[in-house]
Amino acid sequence: MTVLILGAVMFAVLFAGFSGLGVWQVQRLAWKQELIRQVDARIHAAPVAAPAPDQTITRQADQYRRVVVSGRFDHSREALVKAVTDLGPGYWVMTPLMTDRGFTLLINRGFVPSERQKPTDRAAGQVEGETTVVGLLRLTEPDGGFLRANDPAGDRWFSRDVAGIAKARGLSGPVASYFIDADATPNPGGWPRGGLTVVRFANSHLIYALTWFGLALMSAAGFVLFAREEKRRRAAR
């Protein structure tokens, strides 16, 4: 019976392991569905005041929160970040907003195609004076993008790195650690084009759970076949 016992132990370990992974994926599925529900509620909620720089910002509680802020743009310090959108390749226009609350906040004013990257090619959109921005709170992206790191010295940006852009543009005083994706409110002249935030969450947990539970059942079936064969082999001796 030694072989049969060893086989039983091995298959029991496999069954328990696969089942545990399946249960974990079910728990992850519930977490992901709740996260999607929360984010959907934030996106469609009435805007709240943008957090001050000394407030704690977390991905769990604040990502994609709808916020509002007022101030004046400093177009002389805008930064262009490589982007690919439904409108094609181009740039995000990241512009510092000197808020009426005494801190600076980077605003992703929206997308411009490559032929509009120069401010003079979208002069109407360089709004002056007091303005109000409504949009979605986004966390900084310090790790670059498009498989390329940001190059502050060369003024080449592949992700919306708040700290990096703030330092490169010499922003002084309190600077918020996040940025805002402006909503689809049209800018004069049509550029930049806001409201292009893509809210997408990978959610393959159900498929993973079914896969792990399937492997657990296969391990149980494998033990049944193994036990039958072992008994048949012993009976034939």
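Keep in mind that this is a model prediction, so the values were computed, not measured.
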From CE (Met94) to CZ (Arg77), nearest 0.5 Å:
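Here the rounded value is 15.5 Å.
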When rounded to the nearest 0.5 angstrom, what is the spacing between CH2 in Trp157 and CG in Leu80?
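Here the interatomic distance stands at 11.5 Å.
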Path from Trp191 to Val84 over hydrophobic side-chain contacts below 4.5 Å
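No, because Trp191 and Val84 fall into different hydrophobic clusters, even though each may have its own neighbours under 4.5 Å.
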[X] and [Y]: which non-hydrogen atoms are nearest, and at how many Å?
{"X": "Val69", "Y": "Ile180", "value": "CG1-CD1, 4.0 Å"}
{"X": "Ile57", "Y": "Ser177", "value": "CG1-OG, 4.4 Å"}
{"X": "Phe103", "Y": "Ala50", "value": "CZ-O, 4.4 Å"}

Using modelled atom types and a 3.5 Å cut-off, is there a donor and acceptor pairing between side-chain atoms of [X] and backbone atoms of [Y]?
{"X": "Tyr178", "Y": "Pro51", "result": "yes"}
{"X": "His75", "Y": "Val127", "result": "yes"}
{"X": "Gln126", "Y": "Ala123", "result": "no"}

Would you call Asp181 and Arg160 a salt bridge, taking side-chain N to carboxylate O under 4.0 Å as the test?
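Salt bridge present between Asp181 and Arg160.
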Is any NZ, NE, NH1 or NH2 atom of the basic residue among Arg122 and Glu78 found under 4.0 Å from an Asp or Glu carboxylate oxygen of the other?
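Yes.
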Please confirm whether Arg109 makes a cation-pi placement over Phe73, using NZ or CZ under 6.0 Å from the six-membered ring centre and within 45° of the ring normal.
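Checked: cation-pi criterion met.
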